[in-house]
Amino acid sequence: METYYYSQFNHAVVRVALFDDVTNAAAIRSRIVQAARNLGVDGNTEREAVNFAFIDARLISSPLHLQTAIYQALLSEAQGQLRTKTVHSEILWALNPTNNITEAIRRYGVSDESTTLIVVRVDVSDTPDLQRRMCDVIQGCMVPFQALVKMTDWSIIKKHYKLDSESALKEVQGNLDRERSIIDNIVVSSVAMKNVMA
């Protein structure tokens, strides 16, 4: 599990875990939807149990891509300008190339078919037993974050960002490492500029 500290944002602590071989994605998605609908104490308890950003790992091009989205979500929260209900859903919104919140959650969030997930928890302090709480929700293997490089689906990222006709990619056609580096630069820049453009 990775930990990032953001002293400029009320000393926020962000914990990030990468899961592979996830077998209960449909149940997680259903649980998130149900938690949003439940009222009262039971609803609050269930919302806290799934109070994470669940991100399809295939759509993350690099750790910097994810960190940029987290930073943008924290910045929006600090400025009182969240476009979604929570900082966790704001991370999904920041990752999506369009401003459509529903599309962002559908594309970047957990889907019934997800087998790899990045789970993010934003807090103002270290949450006790956070790893256990993540593992209580997710049936899968927590793996080192370096494994992300094997999970990224570059073709889907290119599709979502409409990069098929990008001239910089045509110039390096056949050089996979260079192509992926260019895609990552475009994607990270897009996320970094999203708050400015929105």
Side-chain angles (χ1 to χ4, degrees), residues 2 4-6 8-19 22 25-40 42-114 116-125 127 130 133-134 137-138 156-157 159-162 187-198:
E2 305 275 314
Y4 310 124
Y5 297 96
Y6 297 89
Q8 68 273 39
F9 297 122
N10 198 23
H11 299 284
V13 178
V14 178
R15 306 294 292 276
V16 178
L18 179 61
F19 286 85
V22 175
I28 294 168
R29 193 181 70 73
S30 175
R31 195 171 171 186
I32 293 166
V33 171
Q34 194 60 42
R37 293 181 181 155
N38 288 350
L39 302 175
D42 289 342
N44 291 339
T45 301
E46 188 60 9
R47 276 188 291 283
E48 180 55 29
V50 293
N51 188 15
F52 302 99
F54 296 93
I55 302 166
D56 187 333
R58 297 173 309 144
L59 301 178
I60 304 302
S61 59
S62 66
L64 182 58
H65 181 203
L66 177 64
Q67 291 167 4
T68 303
I70 291 168
Y71 186 89
Q72 293 295 5
L74 288 169
L75 182 61
S76 293
E77 183 182 48
Q79 294 174 338
Q81 296 180 348
L82 286 178
R83 289 154 192 87
T84 67
K85 292 182 179 181
T86 70
V87 70
H88 293 127
S89 55
E90 193 78 6
I91 294 168
L92 297 174
W93 179 84
L95 288 166
N96 195 44
T98 73
N99 290 326
N100 186 314
I101 294 167
T102 303
E103 178 184 84
I105 292 169
R106 184 175 40 82
R107 278 185 180 174
Y108 286 84
V110 61
S111 72
D112 290 354
E113 295 80 32
S114 296
T116 60
L117 287 175
I118 295 172
V119 184
V120 180
R121 172 66 181 238
V122 176
D123 240 322
V124 292
S125 62
T127 303
L130 187 61
R133 290 175 58 196
M134 286 179 176
V137 175
I138 300 161
I156 296 176
I157 294 172
K159 178 183 171 188
H160 288 333
Y161 278 85
K162 298 178 174 42
V187 168
V188 170
S189 298
S190 176
V191 172
M193 293 300 295
K194 190 163 184 182
N195 277 341
V196 175
M197 307 298 281

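All values reported here derive from a predicted model rather than from experimental measurement.
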To check you understand the geometry: which heavy-atom pair defines the closest contact between [X] and [Y], and what is its length?
X: Ala25; Y: Ser111; result: CB-O, 3.1 Å
X: Ala192; Y: Gln72; result: O-NE2, 2.6 Å
X: Ala57; Y: Leu18; result: CB-CD1, 3.8 Å
X: Ala94; Y: Lys194; result: O-CD, 3.7 Å
X: Ser62; Y: Val188; result: OG-CG2, 4.2 Å
X: Phe54; Y: Ile32; result: CD1-CD1, 3.4 Å

Report the distance from atom [atom1] of [X] to atom [atom2] of [Y], rounding to the nearest 0.5 Å.
X: Gln67; Y: Ile60; atom1: CD; atom2: CD1; result: 11.0 Å
X: Leu130; Y: Arg121; atom1: CG; atom2: CZ; result: 6.0 Å
X: Thr102; Y: Trp93; atom1: OG1; atom2: CH2; result: 13.5 Å
X: Asn100; Y: Arg107; atom1: CG; atom2: CZ; result: 8.5 Å
X: Tyr5; Y: Arg15; atom1: OH; atom2: CZ; result: 6.5 Å
X: Leu64; Y: Ser189; atom1: CG; atom2: OG; result: 9.0 Å

Restricting to side chain to side chain contact (heavy atoms under 4.5 Å, CB included), what partner residues turn up for Asp112, sequence neighbours left out?
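Side chain to side chain contact (heavy atoms under 4.5 Å, CB included) check on Asp112 returns Ala26, Arg29.
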Is there a side-chain contact between [X] and [Y] (heavy atoms, below 4.5 Å)?
X: Asn96; Y: Leu92; value: no
X: Phe9; Y: Val122; value: no
X: Glu48; Y: Asn51; value: yes
X: Leu95; Y: His65; value: yes
X: Thr116; Y: Asp56; value: yes
X: Thr84; Y: Ile105; value: no
X: Met134; Y: Phe52; value: yes
X: Leu117; Y: Ile28; value: yes

Taking [X] for the side chain and [Y] for the main chain, is one N or O donor matched with an acceptor at less than 3.5 Å?
X: Glu90; Y: Leu74; answer: no
X: Asn10; Y: Ala12; answer: no
X: Gln81; Y: Ser76; answer: no

Results of ring pair (Phe, Tyr, Trp, His ring centres under 6.0 Å) for Tyr108 - residues two or more places apart only
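Partners of Tyr108 by the ring pair (Phe, Tyr, Trp, His ring centres under 6.0 Å) criterion come out as none, since no residue qualifies.
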With sequence neighbours excluded, tell me which residues meet salt bridge (Lys or Arg N to Asp or Glu O under 4.0 Å) with Arg47.
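By the salt bridge (Lys or Arg N to Asp or Glu O under 4.0 Å) rule, Arg47 matches no residue at all.
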